[in-house]
Amino acid sequence: MEAAAGMASKRLVFVTGPPGVGKTTLIMKVLERLRSEYPNLQMRGFYTRETRDSAGQRVGFEAVTVDGRSASLASIFPFSSSSSAAGTRAAAAKVGKYNVDVRSFESLVLPELQAIAQREDVGGSSSSSSSSNRLFVIDEVGKMELFSSSFFPAVCDILNSASASSSSSTLVLGTIPVPKFGKDLVQVARIRTRSDVAIFSLTKANRDAMAISIFSHITAMTLNFTFCVLYEKQQHPFSKKQDSEV
């Protein structure tokens, strides 16, 4: 596990590991347990999953929001379009044999990112409770997603907002790929080297233990924030505290 010093206080948690090691599966396990044990924890964000044909062969990927909405991310099939501009875009956005559907991805994911950055709550209203913890899922910050020029700046806004204040109620759980041939994507390197990010390295050997570690880390941050809010209210029971800007 990287960046062990001071990790316990970090609200930005990223899982890294090679393709196929189970990063998304781990994220889903953690979310499932959080839903069960912390039903008041507000969750928003997205994860990616494979799409398969009737024969069970992988034909692409889709982005799925925590509340179950989905949109195409990539496919082995070319995107049908009468627009030459769209065709050019599709041809340029390609990872291996997969055509990346930037427009579809952005239509689903960017509003999710912007909602948290603007301090909207999970229900979509403009008001939020200062005593409510929120978990934002970003799975993943990878090559396909980064074809969107608006994606990484929006991710950075969330990371900066979540860590800007000790009173922030937002936690982030995300995934990033391992360096390819020893070299990180520039945007991934910026996340990996942030001093406020806790990096958990996933392998097939440590998957079960890692799920427990990440769940414990998130719940510790959740309980710590709740305690601080309750303590502050006890010390100033008649004060009217406004949400601080994040």
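When atom types are taken as modelled, the side chain of Asn206 and the backbone of Ala209 share no donor-acceptor pair closer than 3.5 angstrom. Looking only at distances, a side-chain donor or acceptor of Glu145 sits under 3.5 Å from a matching main-chain atom of Gly142. At distances below 3.5 Å, at least one donor-acceptor pair connects side-chain atoms of Thr219 with backbone N or O atoms of Ser216. Side-chain atoms of Lys29 never come within 3.5 Å of backbone atoms of Thr24 as a donor-acceptor pair (strictly under, hydrogens ignored). Between the Asp53 side chain and the Ala55 main chain, a donor and an acceptor come within less than 3.5 Å of each other. When atom types are taken as modelled, the side chain of Ser36 and the backbone of Glu32 share no donor-acceptor pair closer than 3.5 angstrom. In this structure a side-chain-to-backbone donor-acceptor pair under 3.5 Å is missing from His217 to Ala198.
Hydrophobic clustering, with ILVMFWY side chains joined whenever heavy atoms are under 4.5 angstrom apart, keeps Val197 apart from Val186. Neither Val21 nor Val178 shares a network with the other; the hydrophobic side chains, linked directly or stepwise wherever heavy atoms of I, L, V, M, F, W or Y lie under 4.5 Å apart, form separate groups for each. Transitive grouping of hydrophobic side chains (ILVMFWY, heavy atoms separated by less than 4.5 Å) keeps Ile199 and Ile212 in distinct clusters.
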Evaluate Lys23 against Asp139 for salt bridge (Lys or Arg N to Asp or Glu O under 4.0 Å), listing each step before the verdict. CA-CA 8 Å; Lys23 296 187 292 294; Asp139 173 37; over 6 Å; no

Decide side chain to side chain contact (heavy atoms under 4.5 Å, CB included) for Ser163 and Lys10; before the verdict, give the C-alpha distance in whole Å, the side-chain angles of both, and the deciding distance to 0.1 Å. CA-CA 8 Å; Ser163 65; Lys10 296 180 179 180; over 6 Å; no

With side chain to side chain contact (heavy atoms under 4.5 Å, CB included) as the criterion, how do Thr48 and Val64 come out once you've worked through the C-alpha distance, each side chain's angles and the decisive distance to 0.1 Å? CA-CA 6 Å; Thr48 54; Val64 185; over 6 Å; no

Kindly determine whether Asp101 and Arg103 satisfy salt bridge (Lys or Arg N to Asp or Glu O under 4.0 Å), including the steps that lead there. CA-CA 6 Å; Asp101 193 340; Arg103 185 174 299 174; over 6 Å; no

Can Glu50 and Arg52 be said to form a salt bridge (Lys or Arg N to Asp or Glu O under 4.0 Å), step by step? CA-CA 6 Å; Glu50 297 176 350; Arg52 295 181 177 271; 2.4 Å; yes

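Annotation: side chain of Val141 is in contact with side chain of Phe151 (closest heavy-atom distance under 4.5 Å). You'll find the side chain of Phe77 reaches within 4.5 Å of the side chain of Val59, heavy atoms only. Side-chain contact between Leu135 and Leu34 is present, with at least one heavy-atom pair separated by less than 4.5 Å. Contact of the Met43 side chain with the Leu31 side chain is registered, since non-hydrogen atoms from C-beta on lie closer than 4.5 Å. Contact check for Thr16 versus Arg192: side-chain heavy atoms found under the 4.5 Å cut-off. In this structure, Met144 and Tyr98 have side chains that are in contact, with non-hydrogen atoms separated by less than 4.5 Å. Using a 4.5 Å cut-off on side-chain heavy atoms (C-beta onward), Val13 and Leu171 make no contact. Counting heavy atoms from C-beta on, the side chains of Ile138 and Phe46 come closer than 4.5 Å.
When Arg134, Arg11, Gln42 are each tested for a side-chain hydrogen bond (donor to acceptor under 3.5 Å, both in side chains) with Thr170, only one passes: Arg134.
Looking at Ser75 and Asn99, their side chains never bring a donor and an acceptor atom within 3.5 Å of each other. Under the 3.5 Å distance criterion, with hydrogens and angles disregarded, a donor-acceptor pair is assigned to the side chains of Glu106 and Ser148.
Between Ile176 atom CD1 and Leu185 atom CG the span is 10.0 Å, to the nearest 0.5 Å. Put simply, CZ on Phe215 and CZ on Arg33 are 4.0 Å apart, with the number rounded to the nearest 0.5 Å. Separation of atoms OG1 (Thr51) and CD (Glu62) is listed at 6.0 Å; rounding is to 0.5 Å. Atom CG of residue Asp157 and atom CZ of residue Phe152 lie 10.5 Å apart, to the nearest 0.5 angstrom. To the nearest 0.5 Å, the span separating CD1 on Ile158 from CG on Leu113 amounts to 4.5 Å. In this structure, OG in Ser72 is found 10.5 Å from CG in Leu108, a value given to the nearest 0.5 Å.
Of all heavy-atom pairs spanning Val30 and Ala211, the tightest one is CG2-O, 3.9 Å. The two residues Leu202 and Pro18 make their nearest non-hydrogen contact at O-CD, 3.9 Å. Across every non-hydrogen atom of Cys156 and Arg190, the tightest pair is SG-NH2, 4.1 Å.
Heavy atoms from other residues, nucleotides or ligands lying under 6.0 Å from CZ of Arg194 number more than 12.
Ring to ring, Phe200 and Phe14 are not that close: their centroids are 6.0 angstrom or more apart. Phe147 and Phe105 have their aromatic ring centers separated by at least 6.0 angstrom.
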